[in-house]
Protein chains: 2
Amino acid sequence: MRLTTKGRYAVTAMLDVAIHHSDKPVRIAEIAERQGISQSYLEQLFANLKKNGLVCGRRGPGGGYQLGRKSKLITVANVIDAVNEKVDATRCGGLKNCTRSAPCLTHDLWEDLSTEIRGFLERITLESLVRKKTLAGEQFIDYRRIALQKKKAEISSGSNLNGN
Amino acid sequence: MRLTTKGRYAVTAMLDVAIHHSDKPVRIAEIAERQGISQSYLEQLFANLKKNGLVCGRRGPGGGYQLGRKSKLITVANVIDAVNEKVDATRCGGLKNCTRSAPCLTHDLWEDLSTEIRGFLERITLESLVRKKTLAGEQFIDYRRIALQKKKAEISSGSNLNGN
DNA sequence: CCTATACCTGAGTATTTTAGTGTGTTATTA
DNA sequence: TAATAACACACTAAAATACTCAGGTATAGG
């Protein structure tokens, strides 16, 4: 799970589509102008987003992009994964470097942390982000409370990872 | 807040120092061997970590690095910031690109998300990560539960765990 | 049917970041 | 004083980022 400017571009673009949803699809040219991102670069990003089913494109005049599914079902993690694609993450595929004295203790720690971060970003949906702002009155609506409620349910079962 | 392999190296190295804490400082050569990272590269990372007061170095034989303050007071966000240093984050410093039609709505959304992620990583300390593993019996001790407990207090909605 | 539209594809490129090597210098301890 | 290990700086290869350019393809409207 990498969190770079590339991912930010993708999330920003997806938010733009989510916000300007109507009967008409959103054109890439619009997004490029509104967000100040190169059009061709956006096209590359959307190619990956489409490959992952996060958007669907409609060609020809009046065409553009629409969300591939409900914004409620699109997480920030989904978007970031779509544009980063293929992060082998571990560097040691279970066997390599980890033959040293301590059998990769800190590596496991990082893995756990990484899992936490991922889980966090999986709980944040486009919908929750958009809703937070469009209901301008309350400043923090918010999805943390919602995530917490969900967590409460999960926790009894005890989320854990395997050891190694 | 970028989350790259560089940050992972830094966190990994800091964890290594935190784990192998004793009267003697931890040598960079040790860390390099245990974690399979280039020694000179680690030296560069530690230069930044030191600049931010996260570690302090001791020269000469028997020297090495120690944590600059208690592991309880060192967050993952601290470490990542130290090695990434100077991420202007916004790209538009409040004035630039954002002169377009919508005054940077999605930008604000990303900012909020970014703040959330940062807050999340600020709640995870080296101590919590190390404790989780050294108490090897229970597999997930864990800081999520602790964070949740804290959250519950904030929200002031007492309820308890339910099955899943 | 034609044409403008807007998605789609792929190749190429400049800049930045990552990850590392290499050569020293300085402080400290034994 | 000699070994040690931090510290400092210059340099490099490879990768990722952030584009540009040059086309191709499906589609709606005239």
Side-chain angles (χ1 to χ4, degrees), chain A residues 1-13 17 20 23-33 35-52 54-68 80 82-89 91-92 97, chain B residues 1-13 17 20 23-33 35-52 54-68 80 82-88 91 97:
Chain A
M1 170 106 298
R2 287 199 313 251
L3 193 61
T4 64
T5 49
K6 191 178 185 177
R8 184 175 70 209
Y9 279 151
V11 173
T12 299
V17 174
H20 299 92
D23 47 336
K24 296 279 176 208
V26 183
R27 287 180 302 120
I28 268 193
E30 294 177 48
I31 305 172
E33 203 193 4
Q35 306 303 331
I37 308 171
S38 149
Q39 180 164 336
S40 287
Y41 190 45
L42 271 179
E43 279 174 348
Q44 287 171 42
L45 295 182
F46 271 87
N48 288 323
L49 294 172
K50 190 190 177 187
K51 209 182 299 173
N52 289 66
L54 299 180
V55 292
C56 53
R58 198 170 295 257
R59 291 185 173 186
Y65 281 102
Q66 286 173 312
L67 295 183
I80 290 172
V83 294
N84 282 347
E85 74 180 312
K86 282 292 172 201
V87 197
D88 64 340
R91 138 171 277 208
C92 77
N97 302 322
Chain B
M1 171 108 296
R2 286 199 312 252
L3 195 61
T4 63
T5 49
K6 192 178 185 178
R8 184 174 73 209
Y9 280 149
V11 172
T12 300
V17 173
H20 300 92
D23 46 335
K24 296 280 177 210
V26 182
R27 286 181 302 118
I28 269 193
E30 292 178 48
I31 305 172
E33 203 193 4
Q35 306 303 332
I37 307 173
S38 150
Q39 180 164 339
S40 286
Y41 190 46
L42 272 179
E43 279 173 348
Q44 288 171 44
L45 296 182
F46 271 86
N48 288 322
L49 293 172
K50 190 189 176 187
K51 207 183 299 175
N52 288 66
L54 299 179
V55 292
C56 54
R58 198 170 295 257
R59 291 184 173 187
Y65 282 101
Q66 288 174 310
L67 296 184
I80 290 173
V83 294
N84 282 347
E85 74 178 312
K86 283 291 173 200
V87 196
D88 64 340
R91 141 172 278 207
N97 301 321

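Small disclaimer: the values here were computed from a predicted structure and weren't measured. The sequence lines fix the lettering, A, B, ..., with proteins before strands; numbering per chain opens at 1.
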Rounded to whole angstrom units, what separation is found between the NZ atom of Lys6(B) and the P atom of dA15(D)? 18 Å
Heavy-atom nearest nucleotide on DNA chain D for Glu43(A) versus Gly64(B): which residue maps closer to 5'? Gly64(B)
For dT20(D), take OP1 and OP2 only and decide whether either is under 4.0 Å from a side-chain N or O of Ser38(A). yes
So which heavy atom on Glu30(B) is nearest to which on Pro25(B), and how close? OE2-O, 4.4 Å
Calculate the interatomic distance between Gln39(A) atom CD and dA22(D) atom P; express it in whole Å. 15 Å
When rounded to whole Å, the CZ to P distance for the pair Arg27(A) and dA4(C) reads 17 Å
As a quick check of understanding, evaluate side-chain contact (heavy atoms from CB on, under 4.5 Å) for Leu45(A) and Lys6(A), giving each step before the final call. CA-CA 9 Å; Leu45(A) 295 182; Lys6(A) 191 178 185 177; 3.9 Å; yes
Round to the nearest Å and state the distance from Lys51(B) atom NZ to dA6(D) atom P. 17 Å
Output yes when at least one side-chain N/O atom of Thr5(B) is less than 4.0 Å from OP1 or OP2 of dA19(C), else no. yes
Rounded interatomic separation in angstrom, taking NZ from Lys50(A) and C1' from dA6(C): 12 Å
Of the options Ile31(B), Leu54(B), Ile28(B), Leu49(B), which is the one that meets Val17(B) in a side chain to side chain contact (heavy atoms under 4.5 Å, CB included)? Ile31(B)
Toward the 5' end of DNA chain C, which comes first, Lys24(B) or Tyr41(B), by nearest nucleotide? Tyr41(B)
Does dT25(D) have OP1 or OP2 under 4.0 Å away from a side-chain N or O of Arg59(A)? no
Looking across every strand, which nucleic acid part, if any, lies under 4.0 Å from Tyr65(A) by heavy atom: base, sugar-phosphate, or nothing? sugar-phosphate
Rounded to whole Å, how long is the line connecting atom CZ of Arg2(B) with atom P of dT18(C)? 5 Å
Distance check, rounded to the nearest 0.5 Å: Gln39(A) atom CD versus Arg27(A) atom CZ? 8.5 Å
Side chain of Tyr9(A) - closest among dT18(C), dT17(D), dA18(D): dA18(D)
Looking at every heavy atom in both Arg2(B) and Ile80(B), which two are closest together, and how far apart are they? O-CG2, 3.2 Å
Rounded to whole angstrom units, what separation is found between the CD1 atom of Ile31(A) and the P atom of dC7(C)? 8 Å
To the nearest angstrom, how far is Leu49(A) atom CG from dT9(C) atom P? 13 Å
Report the nucleotide, chosen from dT5(C), dT21(C), dT28(C), that has the shortest atom-to-atom distance to any side-chain atom of Ser40(B). dT21(C)
So, under a plain 3.5 Å distance rule, would you say the side chain of Gln44(A) forms a donor-acceptor pair with the base of dT20(D)? yes
Hey, does the side chain of Thr4(B) come within less than 4.0 Å of dT18(C)'s phosphate (OP1/OP2), counting only N and O? yes
